[in-house]
Amino acid sequence: MRWSELLIPTLKETPQDAEIISHQLMLRAGLIRRLGSGLYTYLPLGLRSLRKVQNIVREEMDRAGAQEVLMPAMHPKEIWEKSGRYETLKNGMFRVTDRQNREMVLGPTHEEIITDLVSREITSYKQLPCNFYQIQTKFRDEIRPRFGLMRGKEFIMKDAYSFDVSSEAADESYKKMYDAYVRIFKRCGLHAMAVDADTGDMGGSSSHEFMIPCDAGEDAILEADDGSYAANLERAEGFCDLPMEFEGAELALEKVATPHSGKIEAVANMLKIETRQLVKTLIYVADEKPVAVLLPGNRDVNDIKLNKILPGAELADPEVIREVTGAEVGFAGPVGLEIPIIADRSLQGLKGGVIGANETDAHFKNFDLERDTSITEFVDVALAYAGDLAPNGKGRLVEKRGVEVGHVFKLGTKYTEALGASFLDENGKSQPAVMGCYGIGVSRTLQAVIEQSNDKFGIIWPISVAPFELLITVLSPKDQTCMQHADDIKTILEAQGVDVLMDDREERPGFKFKDADLLGLPLRLTIGERGLAKGEVELKARTDKDFEAIPVADAAVKVFEKITAMREAL
RNA sequence: CGGAGAGUAACUCAGUCUGGUAGAGUGCCUGCUUUGGGAGCAGGACGUCGCAGGUUCGAAUCCUGUCUCUCCGACCA
């Protein structure tokens, strides 16, 4: 196509409201424009790249045996009530009413919808396994949309749903999708990593997120330095160094005065000890009953883990704490408490610790966890930190940031039971199908590509998702010979299936080169009078420093070779 | 929703403290010159100063309210 016939509004200056590099470049290269917070128009170039990502996704889904469907974006409220998610997701959904005053929601995801379909259409084990996917706009009333396409109120997602006869079979389907995801991100030119993740509102037993490591990422990841383990911080398990024995391990409990020291740091300073020698005792209320949660003094509670152990638990109010411990906030300790005590597993074997004395302005030292108290349960409830030992005992955890571009879940029978998606097995017995769901943020993936691949001049597109594969920069569009050569080469290459953009604008060369680098198409062919005088044109990859002069007669062949090689490299 | 900041030309911003003719650069239009890394000259078009109210002889500027956008936290592909 000709540049002069496309809307490619490049910007010399960086728009004010774009913070991260990929967002800035998407605006500057004329890929997208904002309508409102979290709402973007894809301009011709942006749409071309988006389509390429979609096609890669489509090819790999088809290859993995999934069938494409397209479900409505607008759903009756009732179907969401069946799964119970109308309540849990309420605030995150856009809700609308029709003229009959019927309540509808704009779909944030489609587990309920596909399961409803499957409950009607899939009735026999002979029809399983099956896997349906769609590529569609999703609507979520995000608390805070940000970073352009990274988090929008409306975004394009590929969502797939598998149904199987058993959880073993479901594991197979999960594996297939997992492998397809690895291929998809690789083909998009992304360096993705899969990490253990929390299932959140989706429910189910386990999940992996596909993360693109980059500093602008919204998620924190902990990865073992030998690469043997990686997890979202929300989910990560880490071990502090064991055993936890400190000075005074053999001595009896001894009360010490700690006036005005209701904070871990203050006590540690006063007693001249490390914070990890202290035991943090937090009083929670779950099911209207108080529970004590014990952690090393230098650790914090992972709310997600805690919520799994004590659903709905919230930190107790000061009055409750006074009632339970008989002391002001800050002096709680496990000795003498009459409520259940759960302890983080890293405290196992603690000797010589310091705890609150359940008395204002006093602590105990020489605390021995096994000797001095009885723990109801040891659990993993602490937030993991960089520097912890990985759960497999190999390697130390290192923190990274990442963009979540995909998430695969094993859902079990949560939705199939709620919506009655059961089938008859070989014995004529009715069973709920075992489900999995698999999402890719297609529009987010597109931006992640740019976030991961750019330099100070602009985008560096991987050829698989570049809006065009080749840019022909015609330096003298008014010169008939230049234009004729450019047109000929373009025609030949287009006939061979190469996506060609020809910069035929009447602009000065420097201006066009700057735009070329900003757009970042993988290969550039420069045709100018100066080169043509020697019968040459110039070929340069976006990643090359210098161009290569080639005879104009060989240009089309040479470009096709290069493009083919670039395609094959992905 | 809590915290921080910003709304003035298509874009980047000055002007607001200390009220008195609406500004610059970039971009856009016309012409001439120029033509291998964001050219030069000349001319030109473009503003309800986010919106509403108030104070004042007079408001972009002061006051009140309100809306929008961006950033930091909880949500998530």
Side-chain angles (χ1 to χ4, degrees), chain A residues 9-20 23-24 27-28 30 33-39 53 57 88-93 108-110 135-160 181 185 197-202 207 209-212 216-219 232 234 303-304 402-409 437-448 457-458 473-479 482 505-518 524 526-533 537-538 540 547 549:
Chain A
T10 57
L11 263 27
K12 199 194 297 195
E13 285 169 304
T14 304
Q16 183 195 23
D17 56 5
E19 191 75 9
I20 65 173
H23 186 196
Q24 293 171 357
L27 291 165
R28 289 227 291 134
R33 284 294 182 265
R34 198 193 71 208
L35 173 64
S37 178
L39 304 170
V53 176
V57 169
T88 53
L89 291 185
K90 203 169 188 177
N91 295 327
M93 292 197 285
T109 176
H110 282 70
I135 297 174
Q136 190 210 37
T137 300
K138 297 284 189 264
F139 300 88
R140 294 188 188 173
D141 191 0
E142 291 287 341
I143 299 164
R144 185 149 87 86
R146 59 180 141 182
F147 300 154
L149 301 184
M150 284 293 188
R151 177 178 302 281
K153 288 180 174 161
E154 181 188 304
F155 63 98
I156 295 170
M157 173 159 146
K158 184 286 301 178
D159 43 327
Y181 275 36
F185 296 121
D198 181 68
T199 53
D201 283 326
M202 200 65 81
S207 76
E209 288 168 337
F210 286 79
M211 294 281 191
I212 307 303
E218 293 187 273
D219 290 89
N232 192 307
E234 299 173 345
D303 291 330
I304 291 168
V403 173
E404 182 190 353
V405 287
H407 201 158
V408 291
F409 298 82
C437 76
Y438 317 93
I440 289 182
V442 176
S443 37
R444 183 185 281 181
T445 298
L446 177 64
Q447 191 170 335
F457 301 112
T473 301
V474 187
L475 292 185
S476 321
K478 278 187 189 154
D479 181 83
C482 274
R505 296 172 302 168
E506 306 255 348
E507 294 287 354
R508 297 162 60 84
F511 187 93
K512 293 183 161 187
F513 291 141
K514 288 289 186 192
D515 263 355
D517 288 341
L518 179 59
R524 184 177 89 201
T526 305
I527 303 182
E529 289 171 289
R530 189 181 293 178
L532 281 182
V537 292
E538 293 142 25
K540 177 183 172 304
F547 63 77

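Letters go in sequence order (proteins before strands), and every chain restarts at 1.
- Under the rule for a salt bridge (Lys or Arg N to Asp or Glu O under 4.0 Å), A/Asp141 has no partner lying at least two apart in sequence or in another chain.
- For the pair A/Arg524 and A/Asp517, the minimum side-chain heavy-atom distance is below 4.5 Å.
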For nucleotides 24-27 of chain B, list the nitrogen or oxygen atoms of the protein found under 3.5 Å from its nitrogen or oxygen atoms, one pair per line.
unit_1 : atom_1 : unit_2  : atom_2 : d
B/G25  : N2     : A/Glu13 : OE1    : 3.3

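- The pairing partner recorded for B/U48 is none, the criterion being a Watson-Crick or G-U wobble arrangement whose two distances lie under 3.5 angstrom.
- Following rounding to the nearest Å, A/Leu518 (CG) and B/G37 (P) show an atom-to-atom distance of 18 Å.
- Figure legend. B/C11 is base-paired to B/G25; pairs are counted as Watson-Crick or G-U wobble with both atom distances under 3.5 Å.
- B/A10 and B/G27: their C1' atoms are spaced 7 Å apart (whole Å).
- As rounded to the nearest Å, B/G15 and B/C1 have C1' atoms that lie 35 Å from one another.
- Counting any heavy atom pair closer than 4.0 Å across all strands shown, A/Asp303 reaches no nucleic acid atom.
- Between the C1' atom of B/G40 and the CZ atom of A/Arg508 lies a distance of 9 Å, rounded to the nearest Å.
- Only the P atoms considered, B/A59 is 14 Å distant from B/G19, to the nearest whole Å.
- Here the separation of B/C28 from B/C11, taken at their C1' atoms, is 11 Å to the nearest Å.
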Assign a letter to each nucleotide of nucleotides 70-77 of chain B from its 5' end: B, base within under 4.0 Å of a protein heavy atom; S, sugar-phosphate only; -, no contact. SBBBBBBB

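- Taking OG1 of A/Thr445 as the start and CG of A/Leu149 as the end, the distance is 10.5 Å to the nearest 0.5 Å.
- A/Ala160 is linked by a side-chain contact (heavy atoms from CB on, under 4.5 Å) to A/Met61, A/Asn131, A/Tyr133, A/Lys158, A/Met177, A/Tyr438, counting only residues two or more places apart in sequence or in another chain.
- B/A39 is paired with B/U33 under the Watson-Crick or G-U wobble criterion, all donor-acceptor distances under 3.5 Å.
- Under the rule for a side-chain contact (heavy atoms from CB on, under 4.5 Å), the partners of A/Arg151 that lie at least two apart in sequence or sit in another chain are A/Glu142, A/Arg146, A/Glu218, A/Arg444.
- Whole-Å rounding puts the A/Phe513 CZ to B/U35 C1' distance at 11 Å.
- If you check every strand for non-hydrogen atoms under 4.0 Å, A/Asn91 touches nothing.
- If you check B/U68 for Watson-Crick or wobble pairing at under 3.5 angstrom, you find it paired to B/A6.
- Where A/Gly528 and A/Pro15 each meet RNA chain B at their nearest nucleotide, the meeting point lying more 5' is that of A/Pro15.
- Taking atom P in both B/C76 and B/G3, one finds a spacing of 24 Å when rounded to whole Å.
- Whole-Å rounding puts the A/Lys512 NZ to B/U34 C1' distance at 15 Å.
- Annotation: B/U12 and B/C51 have their C1' atoms spaced 24 Å apart (nearest Å).
- Taking CZ of A/Arg140 as the start and CD of A/Glu154 as the end, the distance is 13.0 Å to the nearest 0.5 Å.
- If you measure from atom CD of A/Glu506 to atom P of B/U34, you get 15 Å, rounded to the nearest angstrom.
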For residues 506-513 of chain A, which side-chain N or O atoms pair as donor and acceptor with protein atoms under 3.5 Å away, sequence neighbours left out?
unit_1   : atom_1 : unit_2   : atom_2 : d
A/Lys512 : NZ     : A/Val474 : O      : 2.6
A/Lys512 : NZ     : A/Asp503 : O      : 3.4
A/Lys512 : NZ     : A/Arg505 : O      : 2.5

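- Atom-to-atom, CG of A/Leu11 to C1' of B/A10 comes out at 9 Å; the value is rounded to the nearest Å.
- Side-chain contact between A/Val403 and A/Met150: present, with at least one pair of heavy atoms (C-beta onward) separated by less than 4.5 Å.
- No contact: A/Arg505 has no heavy atom under 4.0 Å from any strand.
- Here the separation of B/G50 from B/G7, taken at their P atoms, is 8 Å to the nearest Å.
- Base pairing annotation: B/C75 forms no Watson-Crick or G-U wobble pair, as no partner gives both donor-acceptor distances under 3.5 Å.
- The partner of B/C62 is B/G54, by the rule that a Watson-Crick or G-U pair needs both atom distances under 3.5 Å.
- When the side-chain contact (heavy atoms from CB on, under 4.5 Å) test is applied to A/Glu529, the partners found at least two apart in sequence or on another chain are A/Ser476, A/Asp479, A/Cys482.
- Between B/G36 and B/G31, the distance separating the two C1' atoms is 26 Å to the nearest Å.
- Partners of A/Phe210 by ring-ring contact (aromatic ring centres under 6.0 Å, His included), not counting sequence neighbours, listed by chain and number: A/Tyr178, A/Tyr181, A/Phe185.
- Residues satisfying the side-chain contact (heavy atoms from CB on, under 4.5 Å) criterion with A/Gln136, sequence neighbours excluded, are A/Leu70, A/Ala73, A/His110, A/Gln134, A/Lys138.
- Within 4.0 Å (heavy atoms only), A/Pro9 reaches no atom of the nucleic acid at all.
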